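To keep things clear, I will list the structure first and then write my remarks on it.
None of the values given here were measured: they were computed from a predicted structure. One-based numbering along the sequence shown.
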Amino acid sequence: MTAQTTNATGAVRTGPARPAARLTLVLASLGFFLITLDILIVNVALTTMGRELGGSTSGLQWVIDAYTLVFASLLLFAGNLSDRLGAKRAIGWGIVGFLIASVACALAPSLGALIAARAVQGAAAAVMLPASMALIREAFPDARERAHALGIWAVGGAVAGAVGPVLGGLLTTLDWRLVFAINLPVCAAMLVMLVRVGASVRRPSRFDAAGQVLALLALGGLVFGLIEGGATGFGSWPVVLALTVAAGALVGFLVVEARGRHPMMPLDLFRSSGVRIALGVGFAFMVGNFGSVFVLSLFLQQHLGLPPLAAGLVFLPSAAFSIVGNIVSGSLANRFGARLPIIAGLTTMALGLAVMVVCAPLGSVAAVAVCTILTGTGGSVAMPPATAVVLASVPAERSGTASAVFNTFRQVGGAVAIAVFGAFLADRGHFVEGVQVSFVVAAAVLVTAAVAAIRIRTA
């Protein structure tokens with residue numbers, strides 16, 4: 001890894017990355033690892049949690065979506081917070097909050113308490129993520145070096161995505177509470193590293209309180225309506241009310257962001273076609289990736305009857321492919337531009353989902369493994385260049401806000417996918433058909449994003 005420095009005459013030169021930059025990259029990658037791990041490690045443990053704590057399929061969906069919903073809702077505020085406090089201080093607050101929430105999850109006496117602790121965990125994750133990306137932007141100002149750094153940063157998420165189900169299955173075999181206790185040493189190591197990271201620039205800005213409240217209402221109403229609609233029917237008055245509130249809050253949010261003096265999601269960010277396309281790519285990726293892990297975890301355990309550890313091991317073959325994909329994605333983007341790896345990656349993910357649509361009635365574990373290899377590889381190739389497109393499309397002082405908007409779209413994609421796919425799986429008598437419908441929908445979203453990515457400029 002190399003990094004640019006400026007000599008006394010002001011000329012820019014390239015040389016080996018400073019130890020501080022490498023340490024910053026390790027810290028940011030660990031943060032992304034932890035955030036992603038705590039979505040995927042829980043999937044394999046859901047069935048065991050349900051047996052011990054009680055709860056329906058919709059209750060188990062909330063164990064996932066309480067995290068992703070709050071995460072998505074607060075990311076815009078967190079991006080603003082990262083700019084205001086400085087990325088170093090913001091990520092420090094997030095790490096401490098994540099540690100405390102993980103302890104609460106591990107000690108939860110009931111499903112309701114677990115869901116509440118997961119919501120707090122999601123809030124802490126929201127603070128950590130845009131700060132980690134802003135730290136990389138600060139440590140690697142050169143666009144080419146930043147592309148490689150983002151590829152390595154994404155390895156943290158790829159490793160979590162690959163080992164999460166396996167680790168979750170192993171720990172659940174011992175005690176499902178260990179899937180949260182495993183976070184504690186990682187948080188402690190990150191706090192030690194943070195001490196050696198240099199101070200970040202602080203850019204004072206005001207908090208958009210109205211926008212934040214409306215964002216919470218919009219996303220909360222949407223996810224609640226989708227989850228409860230799948231369980232009780234979309235004609236029930238709580239579901240209709242929730243979806244109505246979501247629609248009204250979304251309209252109100254857009255009005256506030258357009259007219260407000262200090263919007264947390266400046267709408268002028270969307271003037272860039274690159275940003276708009278990358279946001280769609282991030283949304284589609286999460287629909288295909290997190291949605292498929294959720295569905296396949298239930299398919300393996302509740303339909304095929306595999307124990308948690310065996311179910312987790314089915315995801316293992318995708319590990320090496322995902323890690324390699326993230327590592328080479330930066331080189332591919334530098335050589336061919338961002339467009340090619342994004343389109344190829346999304347198309348590969350859609351192909352993996354098509355495998356499961358065809359093979360789901362066969363109950364084949366091998367087909368599940370092939371599906372995860374293709375979705376994992378495709379996603380790992382597509383996401384780093386999509387992230388780079390976002391950061392390259394905005395000025396440096398707005399990197400925290402832009403990364404927050406990007407990851408908001410990603411997390412909304414994951415939360416909506418779990419809510420919608422959970423509704424498709426609610427009828428136990430037509431479980432396989434629910435799996436097929438889920439993956440047809442996900443593949444269609446991915447293909448749509450791939451077609452849109454054709455318009456990404458390669459220069």
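Residues passing the salt bridge (Lys or Arg N to Asp or Glu O under 4.0 Å) test with Glu52, sequence neighbours excluded: Arg177. Every residue meeting the side chain to side chain donor-acceptor pair (under 3.5 Å) condition with Thr68, not counting sequence neighbours, appears here in chain and number order: Asp65. Under the ring pair (Phe, Tyr, Trp, His ring centres under 6.0 Å) criterion, Phe431 pairs with His303, sequence neighbours left out.
Here the side chains of Leu313 and Leu316 are in contact, with some heavy-atom distance below 4.5 Å. Here the side chains of Trp176 and Leu171 are not in contact, with every heavy-atom distance at 4.5 Å or above. A 4.5 Å side-chain heavy-atom check between Arg339 and Arg455 finds every atom pair outside the cut-off. Counting heavy atoms from C-beta on, the side chains of Phe180 and Leu114 come closer than 4.5 Å. Proximity of Thr375 to Ser318: side-chain heavy atoms (C-beta onward) are nowhere separated by under 4.5 Å. At a threshold of 4.5 Å between non-hydrogen side-chain atoms, the residues Asn43 and Pro165 do not count as touching. Under the 4.5 Å side-chain criterion, counting only non-hydrogen atoms from C-beta, Val42 is in contact with Met49. Thr372 places none of its side-chain heavy atoms less than 4.5 Å from the side chain of Val314.
The closest donor-acceptor contact from the side chain of Gln301 to the backbone of Ala45 lies at 3.5 Å or more, if one exists at all. In this structure, the side chain of Thr172 does not engage the main chain of Asp175 through any donor-acceptor pair within 3.5 Å.
Put simply, CD on Gln212 and OG on Ser73 are 7.0 Å apart, with the number rounded to the nearest 0.5 Å. How far OG1 of Thr387 is from CZ of Phe285: 9.0 Å, rounded to the nearest 0.5 Å. Atom CG of Leu241 sits about 6.5 Å away from atom CH2 of Trp237, to the nearest 0.5 Å. Atom CE of residue Met356 and atom OG of residue Ser292 lie 9.5 Å apart, to the nearest 0.5 angstrom. Within the model, atoms CG of Leu30 and CE of Met190 stand 6.0 Å from one another, a figure rounded to the nearest 0.5 Å. Put simply, CD1 on Ile95 and CE on Met128 are 5.5 Å apart, with the number rounded to the nearest 0.5 Å.
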Validation: residues 435-452 side-chain donor-acceptor distances under 3.5 Å, sequence neighbours left out:
{"unit_1": "Gln436", "atom_1": "NE2", "unit_2": "Val357", "atom_2": "O", "d": "2.8"}
{"unit_1": "Ser438", "atom_1": "OG", "unit_2": "Gly434", "atom_2": "O", "d": "2.8"}
{"unit_1": "Thr448", "atom_1": "OG1", "unit_2": "Ala444", "atom_2": "O", "d": "2.8"}

N/O donor to acceptor pairs below 3.5 angstrom from side-chain atoms of residues 274-283, sequence neighbours left out:
{"unit_1": "Arg276", "atom_1": "NH1", "unit_2": "Phe270", "atom_2": "O", "d": "2.6"}
{"unit_1": "Arg276", "atom_1": "NH1", "unit_2": "Arg271", "atom_2": "O", "d": "3.1"}

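Listed here is the closest heavy atom pair of Pro185 and Ala181: CD-O, 3.6 Å. Closest approach of Phe98 to Ala124, counting heavy atoms only: N-CB, 3.3 Å. Smallest separation of non-hydrogen atoms from Leu296 and Cys371: CD1-SG, 4.2 Å. Between Trp153 and Ser132, the shortest heavy-atom distance links the atoms NE1-OG, 3.4 Å. Residues Ser380 and Ser329 come closest through the heavy atom pair O-CB, 3.9 Å. Summarising the geometry of Leu74 relative to Ala123, their closest heavy-atom pair is CD1-CB, 3.5 Å, with the distance given to 0.1 Å.
Identified under the side-chain hydrogen bond (donor to acceptor under 3.5 Å, both in side chains) test for residues 92-120, with sequence neighbours left out: Ser102-Gln121, Ser102-Asn183, Arg118-Gln121.
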* **side chain to side chain contact (heavy atoms under 4.5 Å, CB included) between Phe224 and Leu69, worked out** => CA-CA 10 Å; Phe224 177 88; Leu69 170 62; over 6 Å; no
* **Step-by-step side chain to side chain contact (heavy atoms under 4.5 Å, CB included) determination, Ile64 to Leu46** => CA-CA 9 Å; Ile64 304 290; Leu46 287 176; 4.1 Å; yes
* Residues Phe315, Leu300; criterion side chain to side chain contact (heavy atoms under 4.5 Å, CB included); working and verdict -> CA-CA 11 Å; Phe315 293 89; Leu300 291 169; 3.9 Å; yes
* To do: Could you please spell out the steps behind the side chain to side chain contact (heavy atoms under 4.5 Å, CB included) verdict for Val44 and Leu309?
  => CA-CA 8 Å; Val44 180; Leu309 179 57; over 6 Å; no
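Heavy atoms from other residues, nucleotides or ligands lying under 6.0 Å from CZ of Phe33 number more than 12.
Relative ring orientation between Phe424 and Phe421 is described as parallel, the plane-to-plane angle staying below 30° on a 0-90° scale split at 30° and 60°.
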